[in-house]
Participant: 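Sharing a structure, written as structure tokens. Questions coming.
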Amino acid sequence: MTLPPNVHDAEPIPAAARDAIDALMQSGDLFRYTAPQDAPVALLEAEFAELLGTKFALAVSSCSAALFLSLKALRLPRDARVLIPGFTFAAVPSSIIHADCVPVLCEVGENYRIDMADFAAKLDTVQAVIISHMRGHTSDMDAIMDLCDARDIPVIEDAAHSLGTTWHGRNIGTIGKMGCFSFQSYKMINAGEGGILITDDADLVARAVIMSGAYEHNWQKHKGPHGDNSPELEQAFARWQNKLPLYNLRMSNLSAAVIRPQIPELARRVRDGLKNYDYMADRLNISPYVDVPAPLAPECRAPDSIQFNLVGMNESEIRAFAAASESRGIKVQVFGLSEDNARAFWNWQFLPETFELPQTRAMLMKACDVRLPVRLTREELDVIADILLASVGEVTGPVPVYGT
Ligand SMILES: Cc1ncc(COP(=O)(O)O)c(C=O)c1O
């Protein structure tokens, strides 16, 4: 019998990272602002802005730090209300609280995307919006931008899981005023920890750069598009010099050295991730007890995990399914059933206000999460699909097979 694959390890880091790290070890030059120019972090920012097609990028210690700095850069007043989906990671409402603002949660549908009716109903009560494209599932950005632009409400895209995803061919993270990405493990580019913020707005990036820890005149090492000096950026830095607190959320050169050699791998990872996801979705959707929601039409995804809903099963059957999968070697997380899950909104007991989101709660009680690292082969995908379908069958009786 073929053993179930290890779905926890990511891809090896490209060998080129080792040379870059050796050079840093030799020079001891780990701080991004020591070198007069071309520090690995500065090079990463230029490369990432180029990759995404934005004017500015700021590399920081995490995506959470990027979200926090985005909110601070927007100059929201204390206690400003910020709308987020009720299905996201606990770090997202946490970043809002850290910025002295108040998270407001809206409903999410069975397809893991923002419920636009609840979003529209709550929009007039908030001053900013963070769209978490949770697990890489893109919400309806056309409708969201229409509603927010009409009210002049700034949109921050939490694209932690969306590096490589496009919407009408446009990169996710470039649609709102600012986009934030994660380089934490289990993301398309893995540095263990790390994040990056992108924007076309010189004033916003200047504020974020200074608050990220560009003390004194270190902001001079941040350039405009294509690494050029940018008069609008310099004017923005001059405007904010000495006027902002320093939160010191910088990225180290070591992280940038791990990230940069992965950028040329991204297109392949996106292609393989999507191919694997579509194959797995087709196999799982054969079962009437499993539903892998379809993408929205303008969306082209870059998945490194798969989510699916169990259909027509009660809670004890869902628990039995998860136990059966685990005993066969594949761990399935049911978001709403695993204890203290950081993606279940009722566990965010640090929120200043509580929200009852019956639709999101119902989805979380049957939504399953399985890692699908892009390096998996077709044979390994088949082993995973066989285990999941056999586990469904163990609970429901044999799975009918159509069309073969
Ligand atoms: C949707 C979402 N947003 C933000 C984050 C925070 O990312 P980081 O760990 O880089 O702070 C995560 C973490 O996985 C996440 O899942």
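Atoms within a ligand are numbered from 1 in the order they appear, just like the ligands themselves. The figures here come from the full heavy-atom set of this structure, side chains too, leaving out hydrogens, waters and symmetry mates. The shown structure was predicted, so the numbers you read here are calculated from the model rather than taken from an experiment.
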Participant: Near Ser182, which atoms of ligand 1 are under 4.0 Å from a heavy atom of that residue?
Facilitator: 7 (O), 8 (P), 10 (O)

Participant: Classify the contact between Cys63 and ligand 1 as side chain, backbone, both or neither, using a heavy-atom distance cut-off of under 4.0 Å.
Facilitator: both

Participant: Hey, which atoms in ligand 1 end up nearer than 4.0 Å to a heavy atom of Ser62?
Facilitator: 10 (O), 11 (O)

Participant: Would Glu107 and Arg113 pass as an ion pair if we require N to O under 4.0 Å?
Facilitator: no

Participant: I need the nearest protein heavy-atom contact for atom 16 (O) of ligand 1: residue, atom name and distance, please.
Facilitator: His161 NE2, 2.9 Å

Participant: For atom 11 (O) of ligand 1, what is the nearest protein heavy atom, given as residue, atom name and distance?
Facilitator: Ser64 OG, 2.6 Å

Participant: Just going by heavy-atom distances, which of Phe89, Phe181, Tyr186 is nearest to atom 13 (C) of ligand 1?
Facilitator: Phe89

Participant: So which protein heavy atom does atom 1 (C) of ligand 1 come closest to, and at what separation?
Facilitator: Asp158 OD2, 3.3 Å

Participant: Within 45° of the ring axis of Tyr112 and under 6.0 Å from its six-membered ring centre, is that where the NZ or CZ of Arg135 lies?
Facilitator: no

Participant: What protein heavy atom is closest to atom 5 (C) of ligand 1, reported as residue, atom name and distance in Å?
Facilitator: Ala160 CB, 3.9 Å

Participant: Are the charged groups of Lys223 and Glu234 less than 4.0 angstrom apart, N to O?
Facilitator: no

Participant: What I want to find out is whether Asp382 reaches Arg283 closely enough, with some N-O distance under 4.0 Å, to be called a salt bridge.
Facilitator: yes

Participant: What is the nearest protein non-hydrogen atom to atom 14 (O) of ligand 1, stated with its residue, atom name and distance?
Facilitator: Lys187 NZ, 2.8 Å

Participant: Identify, by atom number and element, the atoms of ligand 1 in contact range of Gly194, meaning under 4.0 Å from any of its heavy atoms.
Facilitator: 10 (O)

Participant: Taking heavy atoms and a distance under 4.0 Å, where does Glu193 meet ligand 1: side chain, backbone, both or neither?
Facilitator: neither

Participant: Run the side chain to side chain donor-acceptor pair (under 3.5 Å) check on Tyr279 and Arg378 step by step: do they pass?
Facilitator: CA-CA 8 Å; Tyr279 180 75; Arg378 184 59 59 94; 4.6 Å; no

Participant: Using the ring of Tyr186 (Phe, Tyr or Trp, six-membered ring only), decide whether Arg371 places NZ or CZ under 6.0 Å from its centre and within 45 degrees of its axis.
Facilitator: yes

Participant: For the pair Arg81 (side chain) and Gln127 (backbone), establish whether a donor and an acceptor sit closer than 3.5 Å, ignoring hydrogens and angles.
Facilitator: no

